[in-house]
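One structure is given here, and the rest of the page talks about it.
Every heavy atom of this structure was used, including side-chain atoms; hydrogens, water molecules and symmetry mates were not. In what follows, chains carry the letters A, B, and so on, assigned in the order in which the sequence lines appear, proteins first and then strands, with residues in each chain numbered from 1.
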There are 2 protein chains.
Amino acid sequence: MLTTKSIYEQILLSIESGALQPGCRLLETDLANQFGVSRTPIREAIRTLESEGLVIHKPRVGAELRLLTQQEIVELYEMRTVLEATASEMAAKHASSSELRTLETLNIQMFEAATDPNEVAIYNRQFHICIINSARNRFLSHSYNSLSHSLILLGKTTLENEKRVQDVTDQHEKIIDALKSGSKYEASQAMREHMEASLDHRLKAVHINV
Amino acid sequence: MLTTKSIYEQILLSIESGALQPGCRLLETDLANQFGVSRTPIREAIRTLESEGLVIHKPRVGAELRLLTQQEIVELYEMRTVLEATASEMAAKHASSSELRTLETLNIQMFEAATDPNEVAIYNRQFHICIINSARNRFLSHSYNSLSHSLILLGKTTLENEKRVQDVTDQHEKIIDALKSGSKYEASQAMREHMEASLDHRLKAVHINV
DNA sequence: TTGCATCCAATTGTATACAATATTTCCATT
DNA sequence: AATGGAAATATTGTATACAATTGGATGCAA
């Protein structure tokens, strides 16, 4: 059954898969036909996307998928760095041993899936979400969730080759070690470095696409 | 003319004024009658409130205004501290001289309005928003905006007497001084202290209300 | 009195119809 | 040929009607 919530998620997936490109218009009628529902649930899904910042909505004109400038991409990663570094700092205090084991497992699975970029991306996302949730702050989780939706506007992962996966899992391991030893400063610093490396790769990828 | 957006803002105002109490149900039909519109724009406004976390929405049951636990209030302020301290750090680098003058003016106006808590609250909000925007990060501004909406769930200001206003404007002045001298660390530290004092007062106020 | 099943009222979820507005097209005028 | 403007079209905004679901009320039986 297609409900408003599932349509919202479907649209997110469509953005992620590239079926909906940043900058393109979101026509209510088209989407309604596409999903086989009326315009009402589509409108509500679009409103949610709008309040998350994925969609620019001009009254009486319509919605279009936001297209991020290079400057905005930098700001997005700057904000992501703040949230993830903060989360790491808090997680160093609050993470349960079960969560620490989960992080280790995810990192190993990610390494072993190195040849499949899509699978790697999934494990990577779970890894970061696990850290965020280990911080034990609902508002932080909520903000991160919204921000991570904006991230999908950037398109496919930057985890495209095995060398890169190796680097990333190494950085993850540093973070895990810091979390295990409970050292706030090290954990947040390791995450900051991880994020900087991630932005570097992202900007290179953008450059290639342009 | 009452459009979806203005209805959304009206509901926020109703929460702020106390007309809508946390925990109460938001009945679409009632709100529609109250604003003299159909249910459609009401539903969309509620969807926006939901995605900002102000409203809990159970399918087929309806929406109710979120009621924050004491623990959640602490988490809210913890997150607010992160965002505002980060903003102060960035603003120490990016704030324009015009923005710095604006902050000084707002702080003076706030001090002079000390006998009118509502006016004080307005200047206070503008002060903090100005710092956030001085950070020059759209995603930070967006997150803070959403978070500040959750803050209104807590009800009226804690700026209820002149002694308290004096303390707050003093703290603001420290922040301004740090921003003017461009020292990241001092600015973020001054903001952290300001936020801690603010949480202390908030928790006392909650205690009294209970 | 309590437990349970059933029905009814209240309320949300969706579809559709209509109104208002923006955009485009095309023609007349310069 | 360029430009301005008016009509036509496309699209969103809102209202309303109907379907689906929930929560409670009612009544019956143990």
Reckon A:L26 touches a base, only the sugar-phosphate, or nothing at all at heavy-atom distances under 4.0 Å?
sugar-phosphate

Among the nucleotides [options], which one has an atom lying closest to any side-chain atom of [X]?
X: B:R25; options: C:dT11, D:dA15, C:dT14; value: C:dT11
X: B:R60; options: D:dC18, D:dA20, D:dT14; value: D:dA20
X: B:H57; options: C:dT11, C:dG13, D:dT12; value: C:dG13
X: A:P41; options: D:dT14, C:dT14, D:dT22; value: C:dT14
X: B:L27; options: C:dT23, C:dT11, D:dT14; value: C:dT11

Using the closest heavy atom to pick a nucleotide of DNA chain D for each, name whichever of B:E44 or B:R39 lands nearer the 5' end.
B:E44

One should read off an interatomic distance between A:H172 NE2 and A:D167 CG, to the nearest 0.5 angstrom, of 11.0 Å

Reported CG-to-OH distance for the pair B:D116 and B:Y123, which is rounded to 0.5 angstrom:
9.5 Å

Distance check needed: [N] [atom2] versus [X] [atom1], whole Å only.
X: B:E64; N: C:dT11; atom1: CD; atom2: C1'; value: 14 Å
X: B:Y8; N: D:dG13; atom1: OH; atom2: P; value: 17 Å
X: A:R43; N: C:dT16; atom1: CZ; atom2: C1'; value: 14 Å
X: B:I46; N: C:dT12; atom1: CD1; atom2: P; value: 7 Å
X: B:D30; N: C:dA10; atom1: CG; atom2: P; value: 12 Å
X: A:I7; N: C:dG13; atom1: CD1; atom2: C1'; value: 11 Å
X: B:R47; N: C:dT14; atom1: CZ; atom2: P; value: 8 Å
X: B:F35; N: D:dT14; atom1: CZ; atom2: P; value: 13 Å

Closest-nucleotide mapping onto DNA chain C: is A:V61 or A:T4 further toward the 5' terminus? I mean the 5' end.
A:T4

Verify the contact: side-chain N or O of [X] to OP1 or OP2 of [N], cut-off strictly under 4.0 Å; return yes or no.
X: A:T29; N: D:dA10; value: no
X: A:S38; N: C:dA15; value: yes
X: B:T3; N: D:dT14; value: yes

A:E50 with B:K5: basic N within carboxylate O range, under 4.0 Å:
no

Apply the test salt bridge (charged side-chain N to carboxylate O under 4.0 Å, His left out) to residues A:K93 and B:E78: give CA-CA distance (whole Å), side-chain angles for both, the deciding distance (0.1 Å), then the verdict.
CA-CA 14 Å; A:K93 269 193 159 180; B:E78 188 178 41; over 6 Å; no

Polar contact flag, side-chain donor to acceptor under 3.5 angstrom, A:N133-A:S141:
yes

